[in-house]
Amino acid sequence: MGKLEGMKQRYDQITIPEELNIRIQQEIQRSRKQQEEVRKDAGSRRFRRIIRSMEAMAAAACILFTAALNTSPVFAKEAGELPVIGGLARILTFRFYETEKDDIAVSVEIPTIDIIAEDTGIRVDAINQEILTRCNQYAEDAVLRAEEYRTAFLETGGTPEEWAEHHIQISVGYEIKQQGNDYLSFVVRGTENWTNAYSESRYYNLDLNTGKAVTLKDMLGGDYMEIADKSIREQIAERQNAGETFFAAEEGGFTGITEDVKFYINENNRPVIVFEKYEIAPGSSGEVEFEITGGN
């Protein structure tokens with residue numbers, strides 16, 4: 001794994017999601033109800049033996065499932081992200097690791113798109129490979145940058161103890177924006193707490209009806225740039241009146257979107273355009289988002 005080789009790897013303990021416990025209990029109750037119905041209809045020894053067999057199998061499955069949840073944090077996390085029955089796809093953690101060397105901490109959580117429904121014709125291998133490559137490359141490059149920074153720091157009179165106080169942290173992770181029946185939308189981020197110059201955010205929007213990446217033009221129509229620009233300018237004016245600060249156009253502020261503007265799809269199936277920290281507003285504003293209405 002290049003620069004990451006030899007670093008100590010460990011998994012953090014992950015709490016089993018409460019909603020998952022509820023789902024397990026619901027399944028147990030459903031199984032018991034089915035068994036009661038069989039008991040009412042069955043008076044023979046044969047049916048009683050079937051019932052006992054069903055109970056034993058359910059108990060064994062429950063024990064194995066619970067054991068997996070308690071002994072595997074990754075399994076627990078992934079199980080907690082399982083969508084409701086009927087969904088076509090979901091996002092799962094494909095790989096997660098944490099390392100530390102020379103007081104440089106690295107945390108990497110790589111997502112993968114998992115197609116649940118069969119015969120959808122949706123192909124995600126290329127996207128998943130791209131995500132894997134991007135995440136690993138960002139981590140490798142970030143470690144190299146941090147090591148170069150450490151070398152320069154020590155060569156200019158800094159001590160290892162003073163370096164440790166920097167608490168250098170490199171993070172690669174993801175956030176699900178929508179995981180529904182029509183769209184799959186999420187963002188993969190890479191950050192370094194000692195610099196904003198190299199942070200990266202990559203948004204993925206997948207149409208589960210066609211299996212294709214969604215564009216703003218798909219969502220807003222041919223005049224998507226004009227529609228988005230008008231909506232953003234109106235929202236900026238409203239937010240300025242409410243006390244928010246934005247850069248003026250001559251200061252590098254908003255002048256219109258570009259074809260490669262970043263966006264995700266929210267739970268209302270509306271595109272949300274995202275501007276990076278410092279892009280159109282002071283850093284204290286963080287990322288700035290605008291939900292776009294109108295269009296198709």
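Side chains are part of it too, since the values below use all heavy atoms of this structure and drop only hydrogens, waters and symmetry mates. We count residues from 1, following the sequence as given.
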Exercise. Please state whether the rings of Tyr204 and Phe186 are parallel, tilted or perpendicular, taking 30° and 60° as the class boundaries.
Key: parallel
Exercise. Look at the aromatic rings of His166 and Phe153 and report parallel, tilted or perpendicular, splitting at 30° and 60°.
Key: perpendicular
So which atom in [X] and which in [Y] form the shortest heavy-atom distance, rounded to 0.1 Å?
| X | Y | value |
| --- | --- | --- |
| Asp218 | Ala213 | OD2-O, 3.8 Å |
| Tyr183 | Asn269 | CD1-OD1, 3.4 Å |
| Ile280 | Gly253 | CG2-C, 4.2 Å |
| Met219 | Val214 | CG-CG1, 3.6 Å |

Self-check item: Worked verdict on Lys101 versus Glu147 for salt bridge (charged side-chain N to carboxylate O under 4.0 Å, His left out)
Solution: CA-CA 10 Å; Lys101 181 183 179 183; Glu147 288 184 342; 5.1 Å; no
Quiz item: Can you tell me if CZ on Phe247 sees more than 12 non-hydrogen neighbours from other groups inside 6.0 Å?
Solution: yes
Quiz item: Does Glu259 CD have over 12 foreign heavy atoms under 6.0 Å away?
Solution: no
Practice problem: Check the pair Lys212 / Asp207 against salt bridge (charged side-chain N to carboxylate O under 4.0 Å, His left out), numbers first and verdict last. | Solution: CA-CA 5 Å; Lys212 297 181 180 180; Asp207 186 331; over 6 Å; no
Do [X] and [Y] pair up side chain to side chain, a donor and an acceptor below 3.5 Å, judged on atom types alone?
| X | Y | result |
| --- | --- | --- |
| Glu155 | Thr151 | no |
| Tyr149 | Glu192 | no |
| Gln178 | Asn205 | no |

Practice problem: Report yes or no: is the cationic atom of Arg145 (NZ for Lys, CZ for Arg) under 6.0 Å from the centre of the six-membered ring of Tyr138, at an angle within 45° of the ring normal? | Solution: yes
Quiz item: Is a salt bridge present between Lys262 and Glu287, judged by a nitrogen-to-oxygen distance below 4.0 Å?
Solution: no
Quiz item: Say you draw a straight line from OG of Ser284 to OH of Tyr278; how long is it, rounded to the nearest 0.5 Å?
Solution: 8.0 Å
Practice problem: Could you walk me through whether Lys230 and Glu226 pass the salt bridge (charged side-chain N to carboxylate O under 4.0 Å, His left out) test, one step at a time? | Solution: CA-CA 6 Å; Lys230 180 176 183 294; Glu226 291 81 359; over 6 Å; no
